[in-house]
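Index from 1, following the sequence. Just so it is clear, the structure is predicted and the values come from calculations on it, not from any experiment.
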Amino acid sequence: RVPQPAAVCDQSALMRKADLDHLDYIRFLLEYLPEPARAVVEAARVCQAGGTVVLQDVDGQLLQHHPPDPTLQRQLERAVAGLGTTGFDPFVGRKLFALARAAGMSVRDLRVEPYHLIAGRADQETRRLWALKLDIAQPAAARALGSRQEADALRNRLLAYLDREDTLTWSNLFTVWASPGLTSRA
């Protein structure tokens, strides 16, 4: 069989016939989709029976910190609620198993591992990457929070939190390996 070239298309309506792919890999996409189930159903549709669909996404990003900072937590919850109107789901990782099953797939394996794990002051590179993420998200955060000033206040407070020696910030990475037409072992 000649490998099929890659194509750019809508994740909920792939331009492929059924049973063509041996492997479909969806990573860090479902958390941003208004209807992630549609994308998973499409991945299952184009995957051969006995092939593999890998679903991988973060769970708890932005929202898991200890000790609590009530002001930061309120700001983050407001921002995430506003982003939820676009489809953003910071807890999609824990839903991957159910999404695969609802798409008619059997789950062969499920793993959960730390993704972000910052204990104490973030190192320089981690802090730089978080600052970059927050800068990229700034327009969406401003819309969600009502102003650029509030988005900047959230960015500054979160970065200050990551600069502290006494804090823990984490999220988890869920990975599901599923197949159309196999018996579930997870």
Q: Among residues at least two apart in sequence or on other chains, which ones pass salt bridge (charged side-chain N to carboxylate O under 4.0 Å, His left out) with Arg111?
A: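 For Arg111, the residues satisfying salt bridge (charged side-chain N to carboxylate O under 4.0 Å, His left out) (neighbours in sequence not counted) are Asp109.
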
Q: Is the CD atom of Gln124 crowded by more than 12 outside heavy atoms at less than 6.0 Å?
A: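 Counting neighbours around CD of Gln124, 12 or fewer heavy atoms of other residues, nucleotides or ligands fall under 6.0 Å, so no.
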
Q: So do Val53 and Leu23 actually touch side chain to side chain, heavy atoms under 4.5 Å?
A: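 Counting from C-beta outward, Leu23 and Val53 never come under 4.5 Å.
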
Q: According to a hydrophobic-cluster definition based on side-chain heavy atoms being under 4.5 Å apart (Ile, Leu, Val, Met, Phe, Trp, Tyr only), do Leu134 and Tyr161 belong together?
A: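 Yes, it is one cluster - the side chains of Leu134 and Tyr161 are joined through contacts under 4.5 Å.
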
Q: Grab the two heavy atoms, one from Ala43 and one from Asp24, that are nearest each other, plus how far apart they are.
A: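 The answer is O-OD2, 2.8 Å.
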
Q: Are Leu72 and Gln75 close enough, and set up right, to give a side chain to side chain contact (heavy atoms under 4.5 Å, CB included), and what steps lead you there?
A: CA-CA 5 Å; Leu72 175 61; Gln75 290 172 312; 4.2 Å; yes

Q: Between Asp59 (side chain) and Arg94 (backbone), is there a donor-acceptor pair under 3.5 Å?
A: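 Indeed, once roles are kept as given, a pair shorter than 3.5 Å links the two residues.
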
Q: Taking all heavy atoms of Ala39 and all of Leu33, pick out the closest pair and write down the distance.
A: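 In terms of heavy atoms, the two residues are closest at CB-CD1, 3.7 Å.
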
Q: Looking only at heavy atoms, which two atoms of Ala142 and Ala151 are closest? And how far apart?
A: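 Looking at all heavy atoms of both residues, the shortest contact is N-CB, 3.6 Å.
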
Q: Between His65 and Leu76, is any pair of side-chain heavy atoms under 4.5 Å apart?
A: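 Yes, close enough: below the 4.5 Å cut-off.
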
Q: Is there a side-chain contact between Pro90 and Val80 (heavy atoms, below 4.5 Å)?
A: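 SC-SC contact between Pro90 and Val80 confirmed.
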
Q: Out of curiosity, Tyr115 OH to Phe174 CZ, how far, rounded to the nearest 0.5 Å?
A: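 If I round to the nearest 0.5 Å, the distance is 14.5 Å.
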
Q: What's the separation between atom CD in Gln149 and atom CG in Asn156, rounded to the nearest 0.5 Å?
A: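 It comes to 11.5 Å.
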
Q: Measure from the side-chain N and O atoms of Glu31 to the backbone N and O of Val92, and report whether any donor-acceptor pair falls under 3.5 Å.
A: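 Pair absent, no side-chain N/O of Glu31 close to backbone of Val92.
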
Q: Hydrophobic cluster membership, with links at side-chain heavy-atom distances under 4.5 Å among I/L/V/M/F/W/Y: are Phe91 and Leu83 in one?
A: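 Yes, Phe91 connects to Leu83 through the hydrophobic network.
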
Q: What is the distance from atom CZ of Arg128 to atom OG1 of Thr126, rounded to the nearest 0.5 Å?
A: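 Output value for this atom pair is 9.5 Å.
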
Q: Looking at every heavy atom in both Gln64 and Ser171, which two are closest together, and how far apart are they?
A: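 Reported closest heavy-atom pair: NE2-CA, 3.7 Å.
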
Q: Is it true that Val40 and Leu110 fall in one hydrophobic cluster, defined by side-chain heavy atoms closer than 4.5 Å?
A: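 Yes, it is one cluster - the side chains of Val40 and Leu110 are joined through contacts under 4.5 Å.
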
Q: Between atom CG of Leu30 and atom NZ of Lys95, what is the distance when rounded to the nearest 0.5 Å?
A: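 Separation between the atoms: 11.0 Å.
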
Q: Hey, are the side chains of Gln73 and Leu63 touching, using non-hydrogen atoms and a 4.5 Å cut-off?
A: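 Yes. Closest side-chain heavy atoms under 4.5 Å.
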
Q: Please assess Asp57 against Phe28 for the test side chain to side chain contact (heavy atoms under 4.5 Å, CB included), listing each intermediate value before the final yes or no.
A: CA-CA 5 Å; Asp57 227 312; Phe28 301 151; 3.8 Å; yes

Q: Check the angle between the aromatic planes of Tyr32 and Phe88 and answer parallel, tilted or perpendicular using the 30° and 60° thresholds.
A: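 Ring orientation, 0 to 90° scale: tilted.
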
Q: Please lay out, stage by stage, how Leu168 and Leu117 fare under the test side chain to side chain contact (heavy atoms under 4.5 Å, CB included).
A: CA-CA 7 Å; Leu168 181 66; Leu117 181 57; 3.9 Å; yes

Q: Is the shortest side-chain heavy-atom distance between Arg127 and Trp130 below 4.5 Å?
A: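 No - every pair of side-chain heavy atoms lies 4.5 Å or more apart.
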
Q: Is there a side-chain contact between Tyr25 and Gln56 in this structure, where contact means two heavy atoms from C-beta onward sitting under 4.5 Å apart?
A: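 Contact flag for Tyr25/Gln56 side chains = yes.
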
Q: State, to 0.1 Å, how close Ala144 and Ala79 come at their nearest heavy-atom pair, and which atoms those are.
A: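 The pair with the smallest heavy-atom distance is CB-O, 3.6 Å.
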
Q: What closest approach, in Å, do Val176 and Phe97 show between heavy atoms, and which atom pair accounts for it?
A: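 It is CG2-N, 3.9 Å.
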
Q: Would you say Ser179's side chain and Gly51's backbone share a donor-acceptor pair under 3.5 angstrom?
A: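 The answer is yes, because a donor-acceptor pair under 3.5 Å joins these two groups.
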
Q: With no hydrogens and no angle check, is any side-chain donor or acceptor of Arg108 less than 3.5 Å from a backbone partner on Trp177?
A: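 The answer is no, because no donor-acceptor pair under 3.5 Å joins these two groups.
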
Q: If we only count heavy atoms from C-beta on, is the Arg74 to Thr71 side-chain gap below 4.5 Å?
A: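 Counting from C-beta outward, Arg74 and Thr71 do come under 4.5 Å.
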
Q: Below 4.5 Å, heavy atoms only, C-beta onward: do His116 and Gln61 meet side chain to side chain?
A: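 Side-chain contact under 4.5 Å: yes.
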
Q: So which of Arg157, Arg78, Arg155, Arg143 actually passes salt bridge (charged side-chain N to carboxylate O under 4.0 Å, His left out) with Glu150?
A: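 In the set Arg157, Arg78, Arg155, Arg143, the residue that makes a salt bridge (charged side-chain N to carboxylate O under 4.0 Å, His left out) with Glu150 is Arg78.
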
Q: Determine, stepwise, if the pair Thr167 / Leu162 fulfils side chain to side chain contact (heavy atoms under 4.5 Å, CB included).
A: CA-CA 7 Å; Thr167 62; Leu162 295 177; 5.7 Å; no

Q: With clusters defined by side-chain heavy atoms of hydrophobic residues (ILVMFWY) lying less than 4.5 Å apart, directly or transitively, does Val112 cluster with Val107?
A: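 Val107 and Val112: one cluster.
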
Q: Is the closest basic N to carboxylate O distance between Arg45 and Glu42 below 4.0 Å?
A: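 Between Glu42 and Arg45 there is a salt bridge, with a charged N closer than 4.0 Å to a carboxylate O.
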
Q: Examine Leu96 and Val58 and state if one hydrophobic cluster contains both, with Ile, Leu, Val, Met, Phe, Trp and Tyr joined whenever side-chain heavy atoms are less than 4.5 Å apart.
A: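 No, Leu96 and Val58 fall in different hydrophobic clusters.
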
